[in-house]
A.B. asks: 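Below is the structure I would like to discuss, written out as C-alpha cells.
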Amino acid sequence: MGSDSEGEKSVQREKERKKILALAPIAKPLAGKKLSKRTLKLVKKAAEHKCIKRGVKEVVKSIRRGQKGVCVIAGNISPIDVITHVPILCEEAEIPYVYVPSKEDLATAGATKRPTCCVLVMTKPSKGELALEVQEKLKSEFDQVASDITELTTSLF
C-alpha cells in the first residue's frame, strides 16, 4: 500500500520535471509553486465571473485598448514567437505579468478545454456588473496576486 503512494509521487515528480524541461528560455518571471497555484485560482474565479480575456489576440487587443489587469502567460509555448511581444506590451502599459509552467493548467483554470497561451485577468467583467461583495472578494485576491507578481519582478530585475 505504501508503494502505491510512492509510485504516484514519483509519477507526479516526473510530470513536474517534464513541465520544467518544456519551459521556454524567456519565461521570466516564472511563478513558483505557491504563486502559480494562487494565480491559477484567481484565473479560475475570474473565469467564473467572466472577468477574463483568453488567447493572444484578445489579450493584445484589450491591452491596446487600455484595459488593466494581471497577465498570466504559459511558459511552455512552442513556437515561442507567438507570445514574445506580450510581455513588452504589458511593460509599456504597466500591467503586471507572470509566467506559469503549463498552458494546459492555464486552460483548465480558465474554463476551456483548449490549451491557452495567455490570459488577462480583469477586476470588472467586460459586459454587465458583478455583485458588490463578489467584486470586493475578487479585487482583494487580484490585489494580492498583483503585489506578489510585482515583488517577484522587482527581485528578479
Side-chain angles (χ1 to χ4, degrees), residues 8-126 137-157:
E8 288 173 14
K9 284 181 182 177
S10 66
V11 168
Q12 191 71 18
R13 271 193 233 111
E14 188 65 27
K15 281 183 182 178
E16 291 293 322
R17 197 174 72 74
K18 282 184 180 177
K19 281 183 187 177
I20 290 171
L21 288 174
L23 285 176
I26 68 158
K28 288 177 181 60
L30 180 67
K33 272 188 178 180
K34 193 174 180 182
L35 180 58
S36 183
K37 197 171 190 177
R38 198 177 310 138
T39 305
L40 292 175
K41 191 185 267 187
L42 174 69
V43 170
K44 191 171 192 167
K45 283 193 178 170
E48 288 172 7
H49 300 296
K50 295 182 175 56
C51 300
I52 200 169
K53 297 286 182 184
R54 296 179 192 91
V56 177
K57 261 180 125 174
E58 273 189 55
V59 169
V60 168
K61 198 187 312 178
S62 298
I63 292 171
R64 288 202 173 129
R65 287 183 178 161
Q67 293 181 339
K68 296 289 182 182
V70 170
C71 190
V72 184
I73 307 167
N76 62 344
I77 301 300
S78 178
I80 196 66
D81 298 342
V82 174
I83 57 161
T84 50
H85 64 289
V86 176
I88 297 165
L89 284 172
C90 289
E91 286 176 10
E92 287 174 354
E94 295 179 1
I95 294 174
Y97 67 94
V98 70
Y99 286 87
V100 291
S102 169
K103 61 184 175 185
E104 289 81 12
D105 292 345
L106 187 58
T108 304
T112 58
K113 292 180 179 85
R114 191 107 177 94
T116 306
C117 292
C118 61
V119 163
L120 183 69
V121 180
M122 301 173 296
T123 53
K124 294 179 183 172
S126 48
K137 194 172 183 184
L138 189 64
K139 179 84 171 130
S140 67
E141 276 189 47
F142 175 87
D143 289 339
Q144 186 166 8
V145 170
S147 66
D148 287 350
I149 292 170
T150 307
E151 191 177 299
L152 177 67
T153 306
T154 54
S155 70
L156 199 65
F157 298 116

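Both backbone and side-chain heavy atoms feed into the values below; hydrogens, waters and symmetry mates do not. If you're wondering where the values come from, they're calculated on a predicted model, not measured in any experiment.
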A.B. asks: Scan for side chain to side chain donor-acceptor pair (under 3.5 Å) pairs involving residues 50-59, sequence neighbours excluded, and state none if there are none.
C.D. replies: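 For residues 50-59: none.
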A.B. asks: Could you grab the distance from atom CD1 of Ile52 to atom OG of Ser62, nearest 0.5 Å is fine?
C.D. replies: 11.0 Å
A.B. asks: Measuring from Thr116:OG1 to Ile73:CD1, what's the distance to the nearest 0.5 Å?
C.D. replies: 13.0 Å
A.B. asks: Does any non-hydrogen side-chain atom of Val72 lie less than 4.5 Å from one of Leu42?
C.D. replies: no
A.B. asks: Verify side-chain contact (heavy atoms from CB on, under 4.5 Å) between Val100 and Asp105, making sure each step is shown before the conclusion.
C.D. replies: CA-CA 8 Å; Val100 291; Asp105 292 345; over 6 Å; no
A.B. asks: Counting only N and O atoms by type, is there a donor-acceptor contact under 3.5 Å from the side chain of Ser78 to the main-chain atoms of Asn76?
C.D. replies: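 Looks like no, no N/O pair under 3.5 Å.
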A.B. asks: Verify the neighbour count for atom CD of Glu151: are there more than 12 heavy atoms of other residues, nucleotides or ligands below 6.0 Å?
C.D. replies: no
A.B. asks: Could you walk me through whether Asp148 and Val98 pass the side-chain contact (heavy atoms from CB on, under 4.5 Å) check?
C.D. replies: CA-CA 10 Å; Asp148 287 350; Val98 70; over 6 Å; no
A.B. asks: For a side-chain contact (heavy atoms from CB on, under 4.5 Å) check, start with the C-alpha distance between Val56 and His85, then their side-chain angles and the critical distance, and finish with the verdict.
C.D. replies: CA-CA 10 Å; Val56 177; His85 64 289; 3.9 Å; yes
A.B. asks: Closest heavy-atom contact between Pro96 and Ala146?
C.D. replies: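 Closest approach of Pro96 to Ala146: CG-CB, 4.3 Å.
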A.B. asks: Step by step, would you call Val60 with Val86 a side-chain contact (heavy atoms from CB on, under 4.5 Å)?
C.D. replies: CA-CA 7 Å; Val60 168; Val86 176; 4.2 Å; yes
A.B. asks: Lys139: what forms a salt bridge (charged side-chain N to carboxylate O under 4.0 Å, His left out) with it, not counting sequence neighbours?
C.D. replies: Asp143
A.B. asks: Which heavy-atom pair separates Cys90 from Ile63 by the least distance, and what is that distance?
C.D. replies: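 Closest pair (atom of Cys90, atom of Ile63, distance): SG-CD1, 3.8 Å.
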A.B. asks: Please find the pair of heavy atoms, one from Ala74 and one from Tyr99, that lie closest to each other, and give the distance.
C.D. replies: O-CD2, 3.9 Å
A.B. asks: At their closest point, which heavy atom of Ile95 faces which heavy atom of Gly69, and how far apart are they?
C.D. replies: CG2-O, 3.1 Å
A.B. asks: Can you name the closest pair of heavy atoms from Ala107 and Pro115 and give their distance?
C.D. replies: CB-CA, 3.6 Å
A.B. asks: Roughly how far apart are Glu141 CD and Lys41 NZ, rounded to 0.5 Å?
C.D. replies: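 Here the interatomic distance stands at 7.0 Å.
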A.B. asks: Looking at every heavy atom in both Ile83 and Cys117, which two are closest together, and how far apart are they?
C.D. replies: CG2-CB, 3.9 Å
A.B. asks: How long is the straight-line distance from CD1 of Ile80 back to CD1 of Ile26, given to the nearest 0.5 Å?
C.D. replies: 4.0 Å
A.B. asks: Please round to the nearest 0.5 Å and tell me the distance separating atom OG of Ser36 and atom CG of Leu30.
C.D. replies: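 If we round to the nearest 0.5 Å, Ser36:OG and Leu30:CG are 7.5 Å apart.
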A.B. asks: Can you measure from NZ (Lys28) to CG (Leu23) and round to the nearest 0.5 angstrom?
C.D. replies: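 Between Lys28 NZ and Leu23 CG, I get 9.0 Å after rounding to 0.5 Å.
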A.B. asks: Check whether any side-chain heavy atom of Val119 lies under 4.5 Å from a side-chain heavy atom of Val59, and answer yes or no.
C.D. replies: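 Val119 does not reach Val59 side chain to side chain.
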A.B. asks: If we ignore hydrogens and angles and just use 3.5 Å, is the side chain of Lys68 paired with the main-chain N or O of Thr123 as donor and acceptor?
C.D. replies: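 Between the backbone of Thr123 and the side chain of Lys68 there is no qualifying donor-acceptor contact (under 3.5 Å).
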